[in-house]
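No hydrogens, no waters, no symmetry mates; every other heavy atom, side chains included, goes into these values. Small disclaimer: the values here were computed from a predicted structure and weren't measured.
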Amino acid sequence: MARKYVEIFLLFLIVSMVFSNSVFAESSNDVVNQAYDLSDLKINYDLDLGHHGKTKSELISQFLNDGLTEKEAEYYAKLDILANQLTLKGKKIDISKGELTKEYIVTHQDELRERALNLDEDAIVSLFHTNLALTTSKDEISRELKKMDGTSGVVTFKYPDGSSSRVETSTIKVDDRLDYETNGTIISGPWGDNIDLVNQEAGVSSSGTYVAKTDLSFKGSTHYGKINDTYTFQILNNGSTDMSKWTGKYISDTGASSGGGFVLIDTEYLSNHQRETATASTYMQGYTDVLYRMESSVSGSITLYYASLSFSVTGGSYWHEYAIYEVDGDGQTPIHMAGYFK
């Protein structure tokens, strides 16, 4: 009799375990399904906050200061709030889905963005499909960059979906009263070979204090980012007209960065330099290093473009982007570069 009770108990225990596992599996599936269901999502752009606790007005002001138009600043401010709220509310975006066609995505960009901000699920997913519509090749970008060689200037690359990448460089001599294509930087850094030469300017013509600015920005339907490095240095002629006897001296390096939408800034390293002095045959270097993160609500992988560099990122992943400046001691080969490291 005791054996019979034991068998009945074991049978009951097995049935209970199977039932519990089944219920748990169904419950887990329900949680996953709810995460991908955006139908109950509600966002008030005037009250809800974006990343780092910023309001819409604060984000707009930030993006306007970056040089964006009022229309762009408004869009990226709302997009930043949308991206942040999706994560806070445990929502996920499966970018492998979406019913909108590539033709619609490319030809109705404003309408697509408006629909996405109004929480149209197909439109939100399709924002990530705009990256697939980029057609400008690295060779085309490199040709445009070469046009800047020897000059300070601005180059903007525009893509059919409204995405763009912008490069602005300058080396300017400060008022005296203020007392070649390469596969890597001259002075190595954490970026390794993931480098793009964005401009090699003409050399300086006299001793003095110089300020070099490297501005690199990137934006698309899902993200916006900007990195600046400002490097200040002196060129000393040491009483000689022979440039081989000139030397360079580091003064300061500062940086700035910005981010919005589904790409957010995690950590900024804004003042970095290597070497205090340089001769006519050696270099000094300054750079800004920004650690970015793709919002964890994104389920899938997208391609980001930074100058002529491109790389894939997934939801929740991190990567570094760099704005880099190098100059030799006689000031004859100032180089502006972009770099990344994953």
Side-chain angles (χ1 to χ4, degrees), residues 65-67 145-155 166-191 195-217 226-258 268-290 307 320-339:
N65 287 336
D66 285 344
L145 289 173
K146 285 181 182 298
K147 295 177 183 178
M148 292 177 66
D149 285 358
T151 64
S152 300
V154 180
V155 172
R166 184 176 183 273
V167 173
E168 180 175 356
T169 63
S170 66
T171 300
I172 301 171
K173 187 175 182 181
V174 178
D175 192 309
D176 289 336
R177 290 172 298 175
L178 295 179
D179 225 349
Y180 52 71
E181 188 164 345
T182 178
N183 292 323
T185 48
I186 305 298
I187 303 174
S188 61
W191 43 79
I195 285 294
D196 183 28
L197 172 66
V198 297
N199 194 14
Q200 181 173 315
E201 295 175 337
V204 305
S205 58
S206 62
S207 60
T209 300
Y210 292 83
V211 175
K213 293 185 178 181
T214 307
D215 279 323
L216 303 166
S217 64
K226 182 178 181 179
I227 302 176
N228 162 268
D229 185 75
T230 301
Y231 184 78
T232 305
F233 63 100
Q234 279 185 325
I235 296 296
L236 306 172
N237 63 21
N238 299 314
S240 175
T241 57
D242 181 355
M243 290 182 177
S244 67
K245 296 180 180 179
W246 291 11
T247 55
K249 180 182 177 181
Y250 162 80
I251 294 180
S252 67
D253 184 81
T254 59
S257 67
S258 186
E268 299 172 303
Y269 308 93
L270 301 180
S271 181
N272 311 277
H273 76 281
Q274 298 194 74
R275 299 182 185 170
E276 303 289 330
T277 60
T279 66
S281 59
T282 60
Y283 277 75
M284 305 178 293
Q285 179 192 85
Y287 64 92
T288 295
D289 171 6
V290 181
H320 291 262
E321 294 189 21
Y322 306 92
I324 309 157
Y325 182 79
E326 292 186 321
V327 63
D328 47 356
D330 59 7
Q332 294 310 293
T333 316
I335 301 173
H336 302 265
M337 291 188 174

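Between Ser240 atom OG and Lys245 atom NZ the span is 5.0 Å, to the nearest 0.5 Å. Annotation: the span from Leu236 atom CG to Thr247 atom OG1 amounts to 4.5 Å, rounded to 0.5 Å. Distance check: Met243 CE to Asn238 CG gives 13.0 Å after rounding to the nearest 0.5 Å. One finds the CG atom of Leu216 at 10.0 Å from the NE2 atom of His336 (value rounded to the nearest 0.5 Å).
Using modelled atom types, no side-chain atom of Asp289 and backbone atom of Tyr269 make a donor-acceptor pair closer than 3.5 Å. In terms of modelled atom types and a separation under 3.5 Å, the side chain of Gln332 and the main chain of Ala202 share no donor-acceptor contact. Judged by distance alone, the side chain of Asn237 and the main-chain N or O of Ser207 form no donor-acceptor pair under 3.5 Å.
Applying the side-chain hydrogen bond (donor to acceptor under 3.5 Å, both in side chains) rule to Asn228 yields the partners Asp215, Thr230; only residues at least two apart in sequence or on another chain are considered. Residues satisfying the side-chain hydrogen bond (donor to acceptor under 3.5 Å, both in side chains) test with Thr282, not counting sequence neighbours, are Thr279. Under the rule for a side chain to side chain contact (heavy atoms under 4.5 Å, CB included), the partners of Lys249 that lie at least two apart in sequence or sit in another chain are Gln234. In this view, Glu326 and Gln285 satisfy the side-chain hydrogen bond (donor to acceptor under 3.5 Å, both in side chains) rule, not counting sequence neighbours. Applying the side chain to side chain contact (heavy atoms under 4.5 Å, CB included) test to Thr277 and every residue at least two apart in sequence or in another chain returns nothing. Listed by chain and residue number, Ser61 satisfy the side chain to side chain contact (heavy atoms under 4.5 Å, CB included) test with Asn65 (two or more places apart in sequence, or in another chain). Residues satisfying the side-chain hydrogen bond (donor to acceptor under 3.5 Å, both in side chains) test with Asp66, not counting sequence neighbours, are Tyr224, Ser258.
In this structure, the side chains of Met284 and Tyr325 stay at 4.5 Å or more apart for every pair of heavy atoms. By the 4.5 Å heavy-atom criterion applied to side chains, Thr232 and Asp253 are not counted as neighbours. Counting only heavy atoms from C-beta outward, the side chains of Pro190 and Tyr322 approach each other to under 4.5 Å. Looking only at side-chain heavy atoms (C-beta outward), Thr333 and Ile335 come within less than 4.5 Å of each other. Residues Arg275 and Ile187 are in side-chain contact: their nearest non-hydrogen atoms beyond the backbone lie under 4.5 Å apart. Side-chain contact between Thr254 and Tyr231 is absent, with no heavy-atom pair separated by less than 4.5 Å.
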Mind running side chain to side chain contact (heavy atoms under 4.5 Å, CB included) on Met337 and Leu197 for me, showing each step along the way?
CA-CA 5 Å; Met337 291 188 174; Leu197 172 66; 4.2 Å; yes
Asp242 vs Ser244, test: side-chain hydrogen bond (donor to acceptor under 3.5 Å, both in side chains). Steps then yes/no.
CA-CA 5 Å; Asp242 181 355; Ser244 67; 2.7 Å; yes
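Contact between Ser188 and Gln274 at its shortest, heavy atoms only, is O-NE2, 3.1 Å. Taking both residues in full, the closest heavy atoms of Asp229 and Ala323 are given as CB-O, 3.6 Å, listed atom of the first, atom of the second, then distance. Here the closest heavy-atom approach between residue Pro334 and residue Val327 is recorded as CA-CG2, 4.3 Å. Between Gly339 and Ile324 the shortest heavy-atom distance is N-CD1, 4.3 Å.
Donor-acceptor pairing under 3.5 Å is lacking for the side chains of Asp328 and Ser281. The closest side-chain donor-acceptor pair between Thr185 and Trp191 falls under 3.5 angstrom.
In this structure, Phe233 has its ring center no closer than 6.0 Å to that of Tyr250.
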